[in-house]
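Worth knowing before you read on, the calculation uses all heavy atoms, side chains too, and leaves out hydrogens, waters and symmetry mates. Naming: A, B, ... by sequence-line order, numbering from 1 per chain.
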Protein chains: 2
Amino acid sequence: MSSINESPKSPQKATIADVAKAAGVSKTTISRYLSGDYKSISAGTLKRIEEAIAELRYRPNRMARGLRQARSYSIGMIFADISNPYSTSVLRGAEDVCTRNGYSIIVCNTDNDPVKEKNYIAMMHAHRIDGLIIHPTGHNKDILSEMADEQIPVVLIDREIPGLAFDMVGTDNYGAMSEATRFFLDQGYQRIGFFSQPIKHVSSRTERFLAFSDVLRNADHPSAKDLYEFEIRKSEQLEAQLDRFIAETDGQSRMLFAVNGITQLKLINALQKRGLSIPEDMGIAGFDDSDWAPVVGSGITTVEQPTYEIGQKAMEKVLQRLGGDDGEKERIALPGKLIVRGSTPSQLKKI
Amino acid sequence: MSSINESPKSPQKATIADVAKAAGVSKTTISRYLSGDYKSISAGTLKRIEEAIAELRYRPNRMARGLRQARSYSIGMIFADISNPYSTSVLRGAEDVCTRNGYSIIVCNTDNDPVKEKNYIAMMHAHRIDGLIIHPTGHNKDILSEMADEQIPVVLIDREIPGLAFDMVGTDNYGAMSEATRFFLDQGYQRIGFFSQPIKHVSSRTERFLAFSDVLRNADHPSAKDLYEFEIRKSEQLEAQLDRFIAETDGQSRMLFAVNGITQLKLINALQKRGLSIPEDMGIAGFDDSDWAPVVGSGITTVEQPTYEIGQKAMEKVLQRLGGDDGEKERIALPGKLIVRGSTPSQLKKI
DNA sequence: GTGGTTAGGGGAATCGATTCCTAAAAGCCG
DNA sequence: CGGCTTTTAGGAATCGATTCCCCTAACCAC
């Protein structure tokens with residue numbers, strides 16, 4: 001077609017062959033130029049190539065390159081809930097690393113639905129993604145291990161999947177939660193309710209509750225078993241659990257701990273609805289330092305997760321695996337940070 | 001290689017040729033099967049193909065298909081700020097439509113940096129994305145129109161770019177802001193400050209301020225020109241502007257209007273820092289109905305944008321263009337919704 | 001039985017880059 | 001200056017699907 005229509009502003013995309021012709025060299029030489037193999041090109045040739053590329057507005061076709069090299073230069077990211085700021089922050093971290101290395105990101109959002117997750121993994125597969133970073137629902141072991149069988153590096157974020165040896169990057173949940181729980185003890189709360197979506201199948205939630213429970217048990221605190229679970233989509237469950245906690249702890253100095261940011265918000269909402277004020281009637285704290293945490297009431301005490309760094313580390317791990325490292329799978333736990341604000345004042349004076 | 005290693009669990013990916021051999025037909029027939037052209041395949045052949053595909057765990061390679069068909073089946077999305085919940089919600093809407101139609105999304109985040117934006121557009125180009133949805137910084141007219149020259153459908157979200165005829169999907173800023181401003185008038189505020197990042201180059205902000213200004217001017221209200229601009233990254237600018245507003249409106253009943261969610265948060269923070277309480281000392285309202293809006297103080301009055309629908313519509317528009325529609329470019333303005341909460345009580349009793 | 005149509009399917013070129021192997025030209029040494 | 005290495009470069013196969021064009025057998029009508 002290029003022989004028929006040689007108009008200078010042809011909308012046809014230039015190919016490597018067009019560039020070669022324009023520069024008076026072979027495709028091989030252009031390809032060498034593109035892959036940065038400058039040392040086998042003479043200065044004159046180099047200049048002609050650069051001119052030809054500029055003139056033709058040539059852009060290498062990644063699909064062609066990908067086909068030949070059997071790699072796509074894209075990394076898949078599958079999030080359980082993309083609307084969670086946690087996800088976005090991880091995405092940003094991953095993206096920055098990714099772009100610096102010439103890769104692109106293909107994203108999907110599963111809404112915590114294992115069926116969606118399954119389909120997305122299949123789609124990523126068809127795209128021949130070079131690696132996968134996934135915030136897993138926890139229910140697709142088989143397909144994930146299939147990817148691993150095909151030598152596609154898979155890195156989990158936030159959650160481990162028991163029985164699957166994958167690299168994993170997340171917060172040091174046990175450590176951060178222990179520190180937070182000790183702080184709550186020091187503040188003198190008589191009862192602490194741990195509010196969470198079902199902790200089963202989700203390692204991060206389990207670890208948090210475990211740390212909470214361990215610390216309280218070691219201190220002979222009555223709340224060591226105070227786990228209040230609910231489905232996030234069913235707010236009546238959250239409300240019922242809250243009412244149960246309120247009834248069970250009547251008259252004591254008490255606080256709520258939310259396993260994540262969204263739970264914090266729902267609890268705060270429910271408290272307001274009941275006319276209970278923070279922190280007078282009830283303290284509150286939780287995982288995830290949302291941007292609104294400083295401005296609600298006199299500020300909400302939170303555990304900040306190193307989300308951006310998690311994204312970075314996860315992507316670095318993928319690239320490292322792509323680089324040929326097949327050492328043992330690693331579990332990277334980045335430290336969280338307790339941020340104390342007005343929602344958890346000391347109760348000791350009251351006693 | 002498959003002739004050397006025929007082990008059943010070979011990690012080698014099966015190709016269409018492998019499937020063809022296993023099913024005892026030609027590649028052509030497999031390809032027909034893959035593209036859903038069942039009517040030129042006999043029942044027996046069909047069955048053998050399906051068995052072969054299942055047995056070999058065959059997954060068509062999208063890059064190969066893309067190369068031949070000159071389309072990638074992926075849509076690029078470039079966000080000015082992915083950490084803004086606005087973006088995530090748009091992304092979700094777009095993603096749902098996209099996936100239903102067999103496309104994938106490649107995402108990037110520019111941090112409102114025109115240079116990053118430029119690079120990302122180039123990268124998308126190399127990926128041969130079939131279409132682009134972009135929340136533009138407003139500074140890369142040339143490259144964007146280059147994409148259009150190459151027949152790649154581009155749909156803008158939230159912001160228009162003057163001089164460029166692209167499809168655009170956003171909120172009906174003028175309408176929603178007019179309604180909100182009339183409401184504030186009815187509440188009897190004597191002064192209203194419009195706080196915004198620089199409105200120049202960003203059509204959505206401009207429209208909002210225009211509506212605000214028009215409504216107030218028509219009502220002979222003194223705040224028709226009360227625009228307070230600042231760079232979001234420089235909080236001292238925001239603080240200075242706020243102090244200016246406070247000084248200029250001393251003794252009057254007053255409120256702040258924030259051009260978007262992030263500005264709301266910064267203003268609330270700054271007010272708290274000054275010991276000013278909402279809504280007693282100052283009312284506040286703003287664009288974007290964040291999830292925390294109901295729980296801050298007695299709730300923040302907001303203008304909710306139809307973000308999910310914007311994402312859907314934008315993606316639908318891209319697909320429609322890909323389907324061959326080259327009718328006139330459209331400007332789709334979806335209605336916003338004023339949500340009144342405690343932060344903007346009536347001032348009339350005070351007067 | 002002949003001509004024509006249709007169902008079912010195959011051969012081979014093709015998309016745009018990469019890569020292996022080969023080869024001409026240039027530089028170097030004694 | 002002849003033989004050596006090094007530099008610079010090209011030819012052609014290749015990646016995995018799609019697609020154009022062609023072919024055969026069966027069926028149908030007359």
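Between B:Lys47 and B:Glu51, at least one side-chain nitrogen of the basic residue sits less than 4.0 Å from a carboxylate oxygen of the acidic one, meeting the salt-bridge criterion.
Near DNA chain C, meaning a heavy atom under 4.0 Å from it, residues 41-53 of chain A has no residue at all. Contacts between residues 30-39 of chain B and DNA chain C, defined by a heavy-atom separation under 4.0 Å, are made by B:Arg32, B:Lys39.
Closest to the side chain of A:Val25, out of D:dG10, D:dG16, C:dG16, is D:dG10. Proximity note for B:Ser26 (side chain, C-beta onward) versus C:dG16, C:dG10, C:dA17: the nearest is C:dG10.
In this structure, B:Tyr58 reaches the D:dA17 phosphate: one of its side-chain N or O atoms is under 4.0 Å from OP1 or OP2. Distances shown here put every side-chain N or O of B:Arg68 at or beyond 4.0 Å from the OP1 or OP2 atom of C:dT14. At the phosphate of D:dG16, neither OP1 nor OP2 sits under 4.0 Å from any side-chain N or O atom of B:Thr15. OP1 or OP2 of C:dG10 has at least one side-chain nitrogen or oxygen of B:Thr29 nearer than 4.0 Å. Remark: B:Gln69 is in phosphate contact with D:dT19, judged by side-chain N or O atoms under 4.0 Å from OP1 or OP2.
For the side chain to side chain contact (heavy atoms under 4.5 Å, CB included) criterion with B:Asp167, the lone passing option out of B:Arg331, B:Gln320, B:Lys317 is B:Lys317.
Residue contacts for A:Arg71: at a heavy-atom cut-off of 4.0 Å it reaches no nucleic acid atom on any strand shown.
Using modelled atom types and a 3.5 Å distance limit, the side chains of B:Tyr120 and B:Asn109 yield no donor-acceptor pair.
With hydrogens and angles ignored, a donor-acceptor pair closer than 3.5 Å exists between the side chain of B:Thr28 and the base of C:dG11.
Ring centroid separation for the pair B:Tyr86 and B:His135 comes in under the 6.0 Å cut-off.
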